[in-house]
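When reading the values below, keep in mind they use all heavy atoms of this one structure, side chains included, and skip hydrogens, waters and symmetry mates. Just so we're on the same page: letters track the sequence lines, and every chain starts at 1.
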There are 2 protein chains.
Amino acid sequence: MRSLKITLPQRNTRQRDVILQELCRLTSHPTATDLYDIVRRRLPRISLGTVYRNLDQLAEAGMIRRLEAGGGQARFDGNIEPHHHVRCIHCGRVGDVHDVPTLPGAGDVAAADGYEIISCRVEFLGVCPECREEPASGGGRDRVDRGGRMSRDG
Amino acid sequence: MRSLKITLPQRNTRQRDVILQELCRLTSHPTATDLYDIVRRRLPRISLGTVYRNLDQLAEAGMIRRLEAGGGQARFDGNIEPHHHVRCIHCGRVGDVHDVPTLPGAGDVAAADGYEIISCRVEFLGVCPECREEPASGGGRDRVDRGGRMSRDG
DNA sequence: GTTATTGCAAAGAATTTGCATAATC
DNA sequence: GATTATGCAAATTCTTTGCAATAAC
């Protein structure tokens, strides 16, 4: 078994610091460009490339989670506690879900296929509270992660 | 609640027919370009755009599943029976997993967030049998869906 | 002072789209 | 024959990368 290489950042930069701070402050699972817009309020000269690079590094170091919620843009989560997500098929918003039965975890082997399982992610598709009332409008909360494509997945 | 619009294809074309046939024949969860290469053996003049368009339509009509396995390219599955997937973090291969505990399903409301749940997908990350023996080589089976980016997700 | 990291801009990969042509109903 | 679907190519979108300048150690 090859070990997964974990590349830790080697220098502390203000850019990475602000990116991590802002991501951890949010519960909205922003995309890279969402975060770019937010971080730019504090670091107007930061580039989108730097945001991507740092999000990669932080995810690889296990300090944040990358969601790839399905539907194009990756989303990021500053909360690394084990939990799952629910994505609104109307407005694209992503919420947290904690009460999910325990699923096979690290070390288990999926009998039928012989895969050694390392981790698992669950994504629910549903309709968020706002879209349940006011379909497809996107609502009016102070969130940064509205928009995003609707799923066409089953 | 707005109803989800389902756009059924309105005419039967040989292209769509072959795409569906070939996808249902495979258990390898091919990407759009994988399938393009396969279908082209029977329809040499088909275009990649047509493959994308038809995969979209078929997924929207519920005749196939779109996986968006996380990590770039979407993958497609001709098997629409409820089941979940496991993706090899070394070679990118995607397998099926059937024995997963029942999770909240259609109609349930995720208490903590108020989302109405419509469906759910579970993706395991793991190491496939071949990569467990011979790390990261990609093995030598007759599959079309080798390759694909490694996950950096937790 | 050395070297990782940045900003910028250009490249890349995956997917979508406009439009004339071809095929289905 | 009317209109949908195709093939082709260009456009979009999201992400990555090369490189000189900058900042961290």
Side-chain angles (χ1 to χ4, degrees), chain A residues 6-20 29-37 39-40 42-61 63-64 66-76 92 94 144-153, chain B residues 7-20 29-37 39-40 42-61 63-64 66-76 92 94 144-145 147-153:
Chain A
I6 307 282
T7 311
L8 278 309
Q10 306 185 0
R11 289 182 187 178
N12 291 330
T13 67
R14 178 132 180 73
Q15 286 85 343
R16 176 157 45 244
D17 192 43
V18 172
I19 288 167
L20 185 56
H29 314 91
T31 64
T33 48
D34 288 337
L35 208 42
Y36 173 56
D37 288 336
V39 167
R40 223 166 8 157
R42 293 173 59 186
L43 302 173
R45 294 187 51 76
I46 197 172
S47 74
L48 183 55
T50 295
V51 173
Y52 272 106
R53 269 184 294 233
N54 278 296
L55 288 172
D56 265 3
Q57 291 174 359
L58 290 167
E60 207 145 345
M63 301 173 71
I64 66 174
R66 170 197 300 266
L67 303 190
E68 331 236 24
Q73 282 180 88
R75 286 171 178 273
F76 296 86
V94 175
V144 292
D145 64 336
R146 268 179 256 123
R149 276 187 358 209
M150 282 186 37
S151 167
R152 298 188 223 71
D153 194 344
Chain B
T7 311
L8 278 310
Q10 306 186 1
R11 289 182 188 180
N12 291 330
T13 66
R14 177 130 181 74
Q15 286 85 345
R16 178 159 44 246
D17 192 43
V18 172
I19 288 168
L20 184 56
H29 314 90
T31 64
T33 48
D34 288 338
L35 208 42
Y36 173 56
D37 289 335
V39 167
R40 227 173 356 163
R42 292 173 59 187
L43 301 173
R45 292 186 52 76
I46 198 172
S47 74
L48 184 55
T50 295
V51 173
Y52 272 107
R53 268 184 294 233
N54 278 295
L55 288 173
D56 265 4
Q57 291 174 359
L58 291 167
E60 205 145 345
M63 301 173 71
I64 66 173
R66 171 198 299 268
L67 303 189
E68 332 236 24
Q73 279 181 91
R75 287 170 178 273
F76 296 87
V94 175
V144 294
D145 63 339
R149 277 187 356 209
M150 282 188 35
S151 165
R152 302 189 220 71
D153 195 342

* Identify, with sequence neighbours excluded, every residue that meets salt bridge (Lys or Arg N to Asp or Glu O under 4.0 Å) alongside B/R11. => none

* **Counterpart residues, salt bridge (Lys or Arg N to Asp or Glu O under 4.0 Å), relative to A/D37 (two or more places apart)** => A/R40

* Do the non-hydrogen side-chain atoms of A/L58 and A/R16 ever get within less than 4.5 Å of each other? -> yes

* To do: Using a 4.5 Å cut-off on heavy atoms from C-beta on, say whether the side chain of A/D56 contacts that of A/R53.
  => no

* Structure fact -> Per-helix bend value, the helix from C/dG1-D/dC25 to C/dC25-D/dG1, C1' rotation axes over five pairs per end, 10° rounding, shows 40°

* **Nucleotide D/dC14, atom P - distance to CG of A/L35 in whole Å** => 15 Å

* Would you mind reading off the distance between B/L20 atom CG and D/dA5 atom C1', rounded to a whole angstrom? => 16 Å

* To do: For A/L48, report the nucleic acid contact type (base, sugar-phosphate, nothing); a contact means any heavy atom under 4.0 Å.
  => base

* To the nearest angstrom, how far is A/R75 atom CZ from D/dT15 atom P? -> 11 Å

* Structure fact -> Here the gap from B/I64 atom CD1 to B/F76 atom CZ, rounded to the nearest 0.5 Å, amounts to 6.0 Å

* To do: Among A/L43, A/T13, A/V51, find the one that has a side-chain contact (heavy atoms from CB on, under 4.5 Å) with A/I19.
  => A/V51

* Smallest separation among heavy atoms of A/S47 and A/Y36, with atom names -> C-CE1, 3.7 Å

* Could you check how far CZ of B/R66 sits from C1' of C/dA14, rounded to whole Å? => 12 Å

Could you list, one pair per line, each protein nitrogen or oxygen that sits under 3.5 Å from a nitrogen or oxygen of nucleotides 17-21 of chain D, together with the distance?
residue	atom	partner	partner atom	Å
D/dG18	O6	A/R53	NH1	3.3

* Structure fact -> In whole angstroms, the gap separating P of D/dT16 from CD of A/E60 amounts to 11 Å

* Structure fact -> Taken to the nearest whole Å, OH/B/Y36 to C1'/C/dT15 is 14 Å

* Using salt bridge (Lys or Arg N to Asp or Glu O under 4.0 Å) as the criterion, list what pairs up with A/R14, not counting sequence neighbours. => none

* For the side chain of B/R75 and the backbone of B/L67, is there at least one donor-acceptor N/O pair under 3.5 Å apart? -> no

* Protein-nucleotide distance (A/D56, atom CG; D/dT15, atom C1'), rounded to Å -> 9 Å

* Nucleotide nearest A/R45 (side chain, heavy atoms from C-beta), chosen from C/dC8, C/dT5, D/dT15 -> C/dC8

* Which value, rounded to the nearest 0.5 Å, describes the distance between B/L35 atom CG and B/N54 atom CG? -> 10.0 Å

* How long is the span from the CD atom in A/Q73 to the OG1 atom in A/T33, to the nearest 0.5 Å? -> 4.5 Å

* Nearest-nucleotide pick for A/Q73, side chain only, options being D/dC8, D/dC14, C/dG7 -> D/dC14

* Using atom CG of B/D17 as one end and atom C1' of C/dT24 as the other, report the distance to the nearest whole Å. => 13 Å

Check the interface with nucleotides 22-25 of chain D: list each N/O to N/O pair with the protein under 3.5 Å, or write none.
residue	atom	partner	partner atom	Å
D/dA24	O3'	A/N12	O	3.4
D/dA24	N3	A/R11	NH1	3.1
D/dC25	OP1	A/N12	N	3.0

